Amino acid sequence: MNILILGGGGREHALAWAVMQNPKCDKLIVAPGNAGIAAIADCASLDIENGVAVVNFAEENAIDFVIVGPEAPLAAGVADDLRAAGFSVFGPSKDAARLEASKSFTKEICDAANAPTAGYGHFTDADAAKAHIRENGAPIVIKADGLAAGKGVIVAMDEQTALDAIDDMFGGEFGAAGAEVVIEEFMEGEEASYFILVDGEDCLPIGTAQDHKRVGEGDTGLNTGGMGAYSPAPVLSDDIAEKAMAEIIRPTMKAMADRGMPYQGVLYAGLMIKDGQPRLVEYNVRFGDPECQVLMLRLGAQALDLMQACAEGRLSEARVNWADDHAMTVVMAANGYPGSYEKGSVIKGLEALPETAHEMCFHAGTSAKEGQIIATGGRVLNVTARGDSLRQAADRAYAMVDQIDWPQGFCRRDIGWRAL
Ligand code: AMP
Ligand code: GLY
């Protein structure tokens with residue numbers, strides 16, 4: 001089978017690694033890929049948000065199965081274009097991708113499904129939004145309605161911060177994404193991510209994880225795309241996970257099908273858990289990055305079979321072969337991230353790292369230049385390990401981190417602290 005993966009970050013390296021474990025895969029192309037992916041698959045440059053270009057590429061390369069990594073091509077309708085051309089695709093339609101691309105759409109679906117989530121108001125003008133903030137007070141959460149690359153959410157602990165956020169959003173700071181805002185009730189609790197495959201009808205959970213969004217140890221400092229993750233997340237106990245399936249996931253997926261936009265792909269539910277009750281924070285229509293890295297290390301080759309069963313509507317007969325294991329990924333980022341950082345520094349020591357079924361250094365922002373690996377992004381490496389316990393996974397991951405010679409990079413030393 002010839003497989004095409006769209007994307008070029010750590011998530012896609014982990015997907016490529018899992019796909020390559022499966023003997024069904026004859027040929028793998030990743031577009032655009034990165035230096036780590038190039039070591040295990042072919043990389044191709046391709047405008048992955050251009051449906052016509054992707055369809056042509058898939059035809060030219062006799063592709064049998066396409067896996068879409070990031071949200072942007074999904075929101076642009078690339079999965080629809082591929083399916084219309086007859087390809088088997090893992091990833092939701094443009095309509096269904098609105099679960100991530102529009103916060104107000106997700107809130108409406110939650111209302112229709114009676115799913116527990118934060119109370120909210122939806123505003124298209126600044127004065128009404130400010131009146132709502134004054135009426136409800138802080139803490140309160142302001143969200144740009146559209147895709148804002150993870151930067152469109154302001155958790156305001158005081159009223160003035162919330163009012164300023166409204167000025168910023170309606171003042172154009174978030175572009176078109178900020179022309180509408182959702183204002184939410186602040187939810188207390190502990191966050192965790194739940195990943196569920198959905199084939200339009202059936203839902204199959206494939207794992208839990210916890211991300212570390214803040215740049216600094218002890219969850220301090222600026223928000224990032226994620227500085228590390230581990231799986232499973234003990235806060236999402238079997239009981240709470242079953243509650244989330246029964247009260248949130250299945251009812252919202254049914255509401256999507258009822259509206260004629262059945263969801264197909266991986267659903268990433270961000271949940272807030274307090275007093276044994278899960279509430280939905282947000283949906284994403286793709287794997288989390290770096291959560292995907294720990295899920296793929298745990299699932300291995302079966303990930304491809306599961307994604308295919310999902311794309312072909314066969315989830316009712318699919319089973320996950322669970323192992324009683326733990327995985328952790330530590331993100332190494334360029335000094336300065338998530339602010340400004342330099343590109344082009346050389347990373348040494350990577351060739352000596354172990355590459356086993358329980359230890360992998362996935363690449364995020366790297367490229368190869370004159371035989372060397374150089375850093376080309378903010379988040380650069382995802383040092384990932386598996387073990388019988390989270391402690392063992394952490395020890396293995398940090399032992400690898402210590403072998404990497406990259407003075408221009410840093411990582412958090414406390415990934416997994418809540419569970420350890
Ligand atoms: P989102 O992009 O919607 O996931 O928001 C980013 C982050 O903001 C979440 O991961 C939470 O940490 C926080 N957040 C979002 N909505 C709320 C809420 N209603 N209450 C508390 N925290 C929130
Ligand atoms: N790690 C958070 C995300 O992928 O959205």
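Counting starts at 1 for both ligands and their atoms, in listed order. Computed from a predicted model, the values in this text were never measured in an experiment.
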Atoms of ligand 1 less than 4.0 Å from Lys103 heavy atoms? 1 (P), 2 (O), 3 (O)

Report, in ascending order of atom number, the atoms of ligand 2 lying under 4.0 Å from any heavy atom of Asp211. 1 (N), 2 (C)

Nearest candidate to atom 12 (O) of ligand 1, where distance is taken over non-hydrogen atoms, out of Arg214, Glu282, Glu191: Glu191

Heavy-atom count check: over 12 atoms from other residues, nucleotides or ligands less than 6.0 Å from Asn114 CG? no

Report the C-alpha distance between Lys130 and Asp167 in whole Å, list the side-chain angles of each, state the deciding distance to 0.1 Å, and finish with yes or no for salt bridge (charged side-chain N to carboxylate O under 4.0 Å, His left out). CA-CA 9 Å; Lys130 286 182 180 176; Asp167 284 332; 2.8 Å; yes

Which label fits Phe362 and His13: parallel for a plane angle under 30°, tilted from 30 to 60°, or perpendicular past 60°? perpendicular

Restricting to heavy atoms, the pick from Glu184, Lys143, Lys213 nearest atom 15 (C) of ligand 1 would be Lys143

Hey, which atoms in ligand 1 end up nearer than 4.0 Å to a heavy atom of Glu185? 18 (C), 19 (N), 20 (N)

List every atom of ligand 2 that sits less than 4.0 Å from any heavy atom of Gly225, numbering the atoms from 1 in the order shown and giving each element. 1 (N), 2 (C)

Only one of Val266, Leu15, Ile5, Val66 forms a side-chain contact (heavy atoms from CB on, under 4.5 Å) with Phe90, so which one is it? Val266

Could you tell me which non-hydrogen atom of Ala397 sits nearest to which non-hydrogen atom of Val383, and how far apart they are? O-CG1, 3.4 Å

Quick look: Asn223 vs ligand 1, heavy-atom contacts under 4.0 Å, and the answer is neither

Could you see which bit of Met187 sits under 4.0 Å from ligand 1, with heavy atoms only: side chain, backbone, both or neither? both

Heavy atom under 4.0 Å from ligand 2: found in Arg286's side chain, backbone, both, or neither? side chain

Mind checking whether Phe195 and Tyr268 have parallel, tilted or perpendicular rings, split at 30° and 60°? tilted

Atoms of ligand 2 close to Tyr268 [distance to a heavy atom under 4.0 angstrom, numbered from 1]: 2 (C), 3 (C), 4 (O), 5 (O)

Pro290 touching ligand 2 at heavy-atom level, < 4.0 angstrom: yes

Examine Glu291 against ligand 2 and note whether any of their N/O atoms are separated by less than 3.5 Å. yes

Under the criterion salt bridge (charged side-chain N to carboxylate O under 4.0 Å, His left out), I'd like the reasoning laid out for Glu190 against Lys274: C-alpha separation, chi angles, the key distance, then a yes or no. CA-CA 7 Å; Glu190 186 172 343; Lys274 184 159 184 270; over 6 Å; no

Considering non-hydrogen atoms only, spot the tightest contact between Ala79 and Gly91 and give its length. CB-O, 3.8 Å

Does Glu188 reach ligand 1, in the sense of a heavy atom lying below 4.0 Å from it? no

Identify, by atom number and element, the atoms of ligand 2 in contact range of Gly288, meaning under 4.0 Å from any of its heavy atoms. 4 (O)

At a 4.0 Å cut-off, with the gap strictly under it, does some heavy atom of Gly226 reach an atom of ligand 2? no

Could you tell me whether His326 and Tyr230 have their ring centroids closer than 6.0 angstrom? no

Judged by atom type as modelled, is there a donor-acceptor pair below 3.5 Å linking the side chain of Arg379 to the main-chain atoms of Met227? no

Regarding ligand 2, does Phe287 bring an N or O atom to under 3.5 Å of one of the ligand's N or O atoms? no

